[in-house]
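Chain letters run A, B, ... following the sequence lines, proteins first and then strands; every chain starts at 1. Keep in mind that what you see is a predicted model, and the values were worked out from it rather than measured.
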Protein chains: 2
Amino acid sequence: MGILGRLSFKDQAFKLREQAVLDATTRMLASKGFDLMTMDDVAGDAGISKPSLYKHFKSKDELATEVMIRLLDDAQDFLARQAPELSPLARLRDLLAWALRVRLEGGLPFLPSASPQVRAMLTRSLRYVSRAIKLHKTLQGIVEQAKRQGELRADMPTDVILYSYYSRTCDPAVEYLRVYGKYPDEDIVRHMLDVCFDGMSAGQRRADGDA
Amino acid sequence: MGILGRLSFKDQAFKLREQAVLDATTRMLASKGFDLMTMDDVAGDAGISKPSLYKHFKSKDELATEVMIRLLDDAQDFLARQAPELSPLARLRDLLAWALRVRLEGGLPFLPSASPQVRAMLTRSLRYVSRAIKLHKTLQGIVEQAKRQGELRADMPTDVILYSYYSRTCDPAVEYLRVYGKYPDEDIVRHMLDVCFDGMSAGQRRADGDA
DNA sequence: AAAAAATTCTACTGATCAGTAAAAGGTGTT
DNA sequence: AACACCTTTTACTGATCAGTAGAATTTTTT
């Protein structure tokens, strides 16, 4: 167990530090946003120095991109682990509830709704984009299944449903309900799901268009 | 018509330039966001020099705040001009449609969902906050009226409805539908209203909680 | 046409921050 | 104990940008 053992041990420690950096970055991004997050912040929060940070990630953009990639991977994992007997609609509700809880615990929203430059940065990363597309395709399949089973509205285009669904993961109403509404986290999740799927109108659905 | 006439004429020109600056700032904020917007950008776009810009607004923060204040005033004006025979729900739909059209035409979303520092900056401005509170109260009244008339769900807390409603004005789904969905603007508005009020689920409303 | 006012231009200050260099200090291995 | 490797510290570069000063120029007023 000469060189091989030593290397793998070091690599392990390195990976652990890398995860700490990603965690710190997630916290900073969630609290200050990309523009106000400085590399000194991240290094300090992760307990390493800035030059060490650059041993892991070669730029601020790459660091933030890796964080978003990890988030997408977590979402894929969550989907893969869902009980197979769940109906399509139940899977969607379940995933959204998970995403909202992640945010409420100080994590990041899925959708980088924030700034145009952040979006541009992400779309420049093939690794990010390919994961986003894969997740998109998966969810598209679930939505279409839900429509066929009469769980989601068949009269609404799939992309309208999907983009609106994504938007709920970064819905600012969550913060407002926490700060001003003083609701416990579980109530916030419940209300957000309720609004998302059932809307705010009372009574039966209005006719399409103006009819 | 000595001094008085001259002064009022100058003031008029000054006001006109000020509006041009606010328009330019609105465009820049909508396209690049607060952090990436530079004062040189704004001055250039408004057709004046940076030092002249500082004759109007004494800081970048003040400039952005004034833009948001003007937006809130526009919303109040819109509400005040609505036909009095409209039902509460119709007024809410109408206002949201207006806000979405403003955004689709390159304007700003109401809700500064973007960055924490922008929100902090705005809450530091009494003029902004008092207007926001006034608008909030007005809309709260309309929502409660709509609930009493059976147009909005009485089982949903008013603040949940209100914050979700505000969030729709800055919903990123709008951009996605335009860029990826290739929908014309009017279809986007229609679909956004549809999702907002009627949700994405098919069929009758699920029972409250898990019952 | 001359005087008065504002505006523009050029150039600057000072602060912040991404990213880097190089010396100093640990840590574990042999 | 001596060595090799990594990390930290400190200090720096260079770029960007808010905000300003002062000279040059244009416009407006009289």
Check the distance between C:dA18's P and A:Asp41's CG and give it to me in whole angstrom.
8 Å
Do you know which two heavy atoms are closest between B:Met156 and A:Gly199, and how far apart they sit?
CE-O, 3.9 Å
Would you kindly give the NZ-to-P distance between B:Lys50 and C:dT10, to the nearest whole Å?
13 Å
Donor-acceptor contact below 3.5 Å, side chain A:Tyr128 vs main chain A:Glu66
no
Quiz item: B:Lys58 side-chain donor-acceptor pair to D:dG19 base, under 3.5 Å
no
Just the rounded figure in Å: distance from C1' of C:dT8 to CG of B:Leu53.
13 Å
Within 45 degrees of the axis of the six-membered ring of A:Tyr163 and under 6.0 Å from its centre: does B:Arg178 put its NZ or CZ there?
no
B:Lys55 NZ to D:dG19 P: how many Å, rounded?
15 Å
Counting only N and O atoms by type, is there a donor-acceptor contact under 3.5 Å from the side chain of B:Asp41 to the main-chain atoms of B:Thr38?
yes
Closest nucleotide among C:dG19, D:dG19, C:dC9 to the B:Met39 side chain
D:dG19
With respect to A:Val174, which candidate in A:Val179, A:Thr169, A:Asp185, A:Ile188 satisfies the side chain to side chain contact (heavy atoms under 4.5 Å, CB included) definition?
A:Ile188
Should the side chain of A:Lys60 and the base of C:dG19 be counted as holding a donor-acceptor pair, with the cut-off at 3.5 Å?
no
Looking at the side chain of B:Pro51, which of C:dC9, D:dG19, D:dT9 is the nearest nucleotide?
C:dC9
Considering just the side-chain nitrogens and oxygens of B:Thr38, establish if one lies under 4.0 Å of OP1 or OP2 belonging to D:dC17.
no
Rounded to the Å, how far apart are A:Leu36 CG and C:dA18 P?
10 Å
The side chain of B:Tyr54 lies closest to which of these nucleotides: D:dG19, C:dT8, D:dT8?
D:dG19
Closest nucleotide among D:dT7, C:dG19, C:dT7 to the B:Ser52 side chain
C:dT7
Please give, in whole Å, the distance from D:dT16 P to B:Asp35 CG?
17 Å
I want to check one thing: is the phosphate of C:dA6, taken as OP1 and OP2, less than 4.0 Å away from some side-chain N or O of B:Arg17?
no
Look at B:Asp187 together with B:Arg190 and state whether they make a salt bridge at an N to O cut-off of under 4.0 Å.
yes
Distance check needed: C:dA18 C1' versus A:Phe57 CZ, whole Å only.
16 Å
Should the pair B:Lys60 and B:Phe34 be classed as cation-pi, given the thresholds of under 6.0 Å to the six-membered ring centre and 45° from the axis?
yes
Measure the distance from CG on B:Asp40 to P on C:dT8 and round it to the nearest whole Å.
14 Å
Using five pairs at each end of the helix from C:dA1-D:dT30 to C:dT30-D:dA1 to define an axis, what is the angle between those two axes, to 10°?
10°
